[in-house]
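Since the structure comes first, as structure tokens, the remarks are kept for the end.
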Amino acid sequence: MEAKKEYLLQIADNALILSHRLSEYCSRAPFLEEDLANTNVALDLIGIAESALGEAANLEGKGRSGDDLAYRRPENEFKNVLLVEQPNTDFAYIMVRQFFTDAFHVAFFTELTKSKDEFLSALAYKSIKEVTYHLKRSSEWMIRLGDGTELANHKTQDAIDHLWKYSHEFFNATEADQEMIKLGFGPDLKSLESAWKLKVNEIFFMAKLKIPENNYQLAGGKNGVHSEYLGHMLTEMQYLPSKYPDAVW
Amino acid sequence: MIHAETKISEEKLLEHFEAKIEAEEKIEPRDWMPDAYRQHLIRQISQHAHSEVIGMQPEGNWITRSPSLRSKKILLAKIQDEGGHGLYLYSAAETLGVSRDQYIQWLHEGKAKYSSVFNYPTLNWADIGAIGWLVDGAAITNQVSLQRTSYGPYSRAMVRICKEESFHQRQGYEIMWRMMEGTKEQRQMAQDAINRWWWPALMMFGPHDTDSPRTSLAMKWKIKRESNDNLREKFINKTIPQAEHIGLVVPDNKLVRNEDGTFKHGDINWDEFWAVVNGNGPCNQQRLEHHIRAHEEGAWVRETALVANLKHKK
């Protein structure tokens, strides 16, 4: 079933690409405990990606594995939102990107538990605990960053101003989204958007951070049209399987 | 008069301390200990902690190029474990009255060292296998004996660390084994990795016993439980059969196979060892600069966390 496969790829690729960005940050965090927390989130996200990619490969029925989908797909077949491929500019960018994604993941997986599709519902139940912890952590960081020193507030507001234009793509319905909503397999994106905005407003209020006035939004990733960053990420990620296609690792 | 009294009591304290060591009792942070014992531990435990943390870099070099989801998860989890070991060890080291900030400052100033083995580069995927198998393998050999070290917090940290390190060693060996079962290029990568990592792994045990100045006092106070050369021998006797089992050649043309099945390795290049210890290895500068840069770039984050936490307490 093509729509469900595409839908799984959207879920998987958001997790896979964000975890890749976090893995780039390993050994670079402001202190050791935070390095470990960062790696923890990266690991949880790979776990989500692995489950969803495995099921997508099964549905495809062409004998490809989840790994084949991760390591042998071209850039324009990746279905993640533009937000998750944005670079690790500094800790504020990393945490704002994380907070936006975590708030989406919590809203999404909470609703997805009600899916009429057994696999999607199970995936949601498995993931909800993890992403809830991720959101708790990134929300607490938003408050520390926004309501700590003046410098941190400026840096974080700057990150928000830059990343805001990528923050709503989660809620753009692709054909796969529409099909899944129609079947009762996937949640309505409008209600997710309301839940997401509510969370963002709540945390921004506590953190003394502002929603940018410029609300222009960019999109494309969910349809396979990415920023320039993704190609470089995949070049690195897919290096060994591309260079040695016959090798098993 | 006061001076004389103090001197007598110090002698008694030392006697009591050495009697505890003799009886295999652990020395705990609040116990009296000779200054030389404390200084030795400050140096050794912090060096050990820094090694865990700096060791995250050569392995981190391959995370984004891990060739499968499974291998990426294993590598991330392993590096996370190493960071966790760093945390236990900094905590153990802090019980000696020095803060983690101070230890990090000494590292950045070049006053504290970390294991020289991490000053070598990771050049192909098999290096990740070689580090787990050889470097962690050598580390475990040393750490198993350190579980019996006389300082309580260090000994307990070692017990926890050994459990995780033995996983790492098996995972590293599994990478090597898979590659030796793989394509011609994979076998070449595996052999290339052992060629480059074998000798640095042997050097991890430190100079020969005859050239190891701090060993005698550390052995007397049971900080160190086995000599460098003994540990090195244990390591090669365990590891060479593993290499041969999967078809890897140990890069030592003077290796001697004894009649009882044990081995005697060829000459270690001590000039190279001291060059790397003294800062001239292939990656010394890169590793330290990476750590300093991350620390400096994170300064504003640590500061805001501190300020925000204080605001919340009010």
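The basis for the numbers below is simple: all heavy atoms, side chains too, and nothing from hydrogens, waters or symmetry mates. Chain A is the first sequence line, chain B the second, and so forth, proteins listed ahead of strands; every chain is numbered from 1.
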Report yes if the side chains of B/Trp62 and A/Leu240 come closer than 4.5 Å at any heavy-atom pair, otherwise no. yes
Counting C-beta onward and ignoring hydrogens, is there a side-chain heavy-atom pair between A/Ile46 and B/Leu76 closer than 4.5 Å? yes
Q. Passes side chain to side chain contact (heavy atoms under 4.5 Å, CB included), A/Trp249 versus B/Met179? Steps please.
A. CA-CA 7 Å; A/Trp249 302 92; B/Met179 291 187 75; 3.6 Å; yes
Tightest non-hydrogen contact, residues A/Pro241 and B/Pro67, listed as CG-O, 3.6 Å
Exercise. Would you say A/Tyr229 has more than 12 foreign heavy atoms packed within less than 6.0 Å of its OH?
Worked result: no
CG of A/Leu43 to CG of B/Leu75, rounded to nearest 0.5 Å, is 10.0 Å
State whether the number of non-hydrogen atoms from other residues, nucleotides or ligands found under 6.0 Å of B/Arg160 atom CZ is greater than 12.
-> no
**Request:** Any chance you could lay out the side chain to side chain contact (heavy atoms under 4.5 Å, CB included) test for B/Val53 and A/Leu32, step after step, and finish with the verdict?
**Result:** CA-CA 8 Å; B/Val53 173; A/Leu32 198 45; 3.8 Å; yes
d(A/Thr235 OG1, B/Arg65 CZ) to nearest 0.5 Å is 12.5 Å
Cut-off 4.5 Å, heavy atoms of chain B, and the answer for A/Asn40 is both
Honestly, the part of B/Glu303 sitting under 4.5 Å from a heavy atom of chain A is both
Are side-chain heavy atoms of A/Tyr244 and B/Gln186 found at a separation under 4.5 Å? no
The interface call for A/Ala49 against chain B, heavy-atom contacts under 4.5 Å, is neither
Take atom CZ in A/Phe119; do more than 12 heavy atoms of anything else shown fall under 6.0 Å from it? yes
Does any N or O in the side chain of B/Arg302 come within less than 3.5 Å of the main-chain N or O of A/Phe31, such that one atom is a donor and the other an acceptor? no
Note to self: Around atom CH2 of B/Trp177, are there more than 12 heavy atoms from other residues, nucleotides or ligands closer than 6.0 Å?
What the structure shows: no
Turns out that what part of B/His290 lies under 4.5 Å from chain A's heavy atoms comes down to side chain
Honestly, the part of A/Ala70 sitting under 4.5 Å from a heavy atom of chain B is side chain
Under a 4.5 Å heavy-atom criterion, the part of residues 20-28 of chain A in contact with chain B comprises A/His20, A/Ser23, A/Glu24, A/Cys26, A/Ser27, A/Arg28
**Asked** Does atom CD of B/Gln285 have more than 12 heavy-atom neighbours from other groups under 6.0 Å away?
**Response** no
(Q) Distance alone, cut at 3.5 Å: any donor-acceptor contact between the side chains of B/Thr64 and A/Glu236? (A) yes
To the nearest 0.5 Å, atom NZ of B/Lys72 lies from atom CG of A/Asp67 at 10.5 Å
Item to complete: Please confirm whether the backbone N or O of A/Arg144 pairs with a side-chain atom of B/Thr304, one donor and one acceptor, at under 3.5 Å?
Response: yes
- Message: Is it the case that atom CD in B/Glu109 sees more than 12 heavy atoms from other parts of the structure closer than 6.0 Å?
- Response: yes
May I ask you to test the B/Leu87-A/Leu36 pair for a side-chain heavy-atom distance under 4.5 Å? yes
A/Lys129 atom NZ, neighbour heavy-atom count above 12 within 6.0 Å:
no
When you check the gap from the basic side-chain N to the acidic O, do A/Glu50 and B/Lys73 get nearer than 4.0 Å? yes
Under 4.0 Å between a Lys/Arg side-chain N and an Asp/Glu carboxylate O for B/Arg100 and A/Glu33?
yes
- Message: Donor-acceptor pair, distance only, cut-off 3.5 Å: does the side chain of A/Tyr71 make one with the backbone of B/Ser68?
- Response: yes
Rounded to the nearest 0.5 angstrom, the NZ-OG1 distance for B/Lys311 and A/Thr149 is 8.5 Å
Those residues at least two apart in sequence (or on a different chain) that pass side-chain hydrogen bond (donor to acceptor under 3.5 Å, both in side chains) with B/Tyr114 are B/Asn119
In the structure I gave you, are the side-chain heavy atoms of B/Leu69 and A/Leu53 within less than 4.5 Å of one another anywhere? yes
Under 4.5 Å to a heavy atom of chain B? For A/Asp147 that would be both
